[in-house]
S.K.: 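Dropping a structure here in structure tokens format, bear with me for questions.
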Amino acid sequence: MPMMPYISTRGGGSAPLSFSDVLMAGLAPDGGLYVPVRWPHMSPADLAALRGASYVDQARQIMAPFLDVSFADAFESAAQKTYAPGRFRHAALAPLVQIGPNEWILELYHGPTLAFKDYALQLLGALFDQALARAGKKITIIGATSGDTGSAAIEACRNCRNVTIFILHPKGRVSEVQRRQMTTVDAPNVFNLAIDGTFDDCQSIVKTLFGDTAFREQVNLSAVNSINWARIAAQIVYYFAAGLALGAPARATRFAVPTGNFGNVYAAWCAGKMGLPIDGLVIGTNRNDILTRFFETGTMKPDSVVPTLSPSMDIQISSNFERYLFERTNRDPTSLNALMSDFRTKGSFSVPPDMLAAARADFTAVRCGEDETLETIRRTHKNTGMLIDPHTAVGLHAGLAARGDRSVPLVALACAHPAKFPDAVEKATGIRPPLPDFLNGLFDRPEFVTHLANTPDVVRDFIVRRTGDI
Ligand SMILES: *Cc1c(COP(=O)(O)O)cnc(C)c1O
């Protein structure tokens, strides 16, 4: 296995880094995102050989070219731990369920926290553990969450001996299921901080603490949000798994993805770049429709965030779009930096018409309002008996609105279990979806949470007292 080197989209830094380097670093020091220097390619024969393989075998083959030799054993052990039967509560890990003629739902909610983020974060936790044990290091992870990322990250790190994790959530502003999934974890290295403020306040505290170099070095700070390349790499796998099940390499698949930070749909694009036959990627956005507006106009301009039924996509800056933009500039950091600098200083950037046309050839973006979200949940239940969550509904609505050639299979991603968002599902169908059995008792367990003021200093002091110098 040759080493795959990684570079920053903004062209900074000196020597290219390895997979384990970018795993630990998260964001590049120049503010850019890490990408592999080249795209590995799977031939039709490689794909055919993967048909029918277990998820863990597919993950091993698909992710291998992104790793470096010295990390192969660590990866093998982490992949076994994550994707061998047991941790995901479905024997197929990412099962396809048919909902219409040549239309499918890819259920990505069988992991421990019932959202697709488990597929990458469970692996990330195991990889961190391996890499840190080997280096004899400890790290501190801090993150802000509006719901799903927090519980998935805590669940991934709760058993990591060398990781202490602090998750900030806006007090009283996450759903009860989401909050309890975080706060009922009883582990000495997990700290839930309920902040008096909004999600944006939590995010801003995290950014302030990352900007404090002395603190960052003192506690060895790291991040687990979706700018981490390892998360993207792990998400590429289920696109291959679905495409292979539906006839790749002989037949192409169309995917519809509910989108916020552009991590998940970018992983689909990467799968296509690596040789998976894809016939179009459909982006579903809720009323926070910055991406849909970009594909309409060629201008990326944030608006204010409005709360919706699909809160995990209530976001106005899609960080991972920078990775795609980098490709569209033919990997030219100078052009990319010019766009990013416009975004920072003028509050928006616009791409030239040829670049917009190329982006429109890869993606179709569709916005989905609140009524359409509820209507999609209701209609899916009426036609199939299946309950889908509001995020899944946004993606499915978009996929059906941009259906195209009906001989191409359409796969809509189910990114969260309906029981995570019971109010919206009940409003649409009259049925309150029950939590899976393994979460029985979630509402009875004690909660571990510290209520803190909306001030970076207070949070910093709390963290230093719990970690000391590490
Ligand atoms: C995180 C999340 C999304 C958005 O995914 P991105 O990778 O940020 O585009 C959509 N739906 C659910 C349920 C999520 O948890």
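Start at 1 with the first residue, then count along the sequence. Counting starts at 1 for both ligands and their atoms, following the listed order. The structure presented is a predicted model; accordingly, all values stated were derived computationally and were not measured.
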S.K.: Salt bridge between Arg323 and Glu327, side-chain N to carboxylate O under 4.0 Å?
M.R.: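 No, Arg323 and Glu327 are not salt-bridged.
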
S.K.: Considering only residues two or more places apart or on different chains, which pairs with a residue in residues 275-289 satisfy salt bridge (Lys or Arg N to Asp or Glu O under 4.0 Å)?
M.R.: Arg254-Asp279, Asp289-Arg293, Asp289-Arg367

S.K.: side-chain hydrogen bond (donor to acceptor under 3.5 Å, both in side chains) with Arg10: which residues, sequence neighbours excluded?
M.R.: Glu322

S.K.: What residues form a side chain to side chain contact (heavy atoms under 4.5 Å, CB included) with Ala187, not counting sequence neighbours?
M.R.: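 Partners of Ala187 by the side chain to side chain contact (heavy atoms under 4.5 Å, CB included) criterion, ordered by chain and then number, come out as Arg158, Val185, Asn189, Val190.
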
S.K.: Determine, step by step, whether Met313 and Thr285 satisfy the side chain to side chain contact (heavy atoms under 4.5 Å, CB included) criterion, reporting the C-alpha distance in whole Å, the side-chain angles of both residues, the deciding distance to 0.1 Å, and the verdict.
M.R.: CA-CA 8 Å; Met313 307 192 297; Thr285 61; over 6 Å; no

S.K.: Between ligand 1 and the protein, which N/O pairs fall short of 3.5 Å?
M.R.:
unit_1, atom_1, unit_2, atom_2, d
ligand 1, 7 (O), Gly263, N, 3.2
ligand 1, 7 (O), Asn264, N, 2.9
ligand 1, 8 (O), Asn261, N, 2.7
ligand 1, 9 (O), Gly260, N, 2.8
ligand 1, 9 (O), Asn261, N, 3.2
ligand 1, 9 (O), Phe262, N, 3.1
ligand 1, 15 (O), Lys117, NZ, 2.5
ligand 1, 15 (O), Asp148, OD2, 2.7

S.K.: Just so I know, are the side chains of Pro311 and Phe421 near enough to count as touching, which here means a heavy-atom distance under 4.5 Å?
M.R.: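 Pro311 reaches Phe421 side chain to side chain.
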
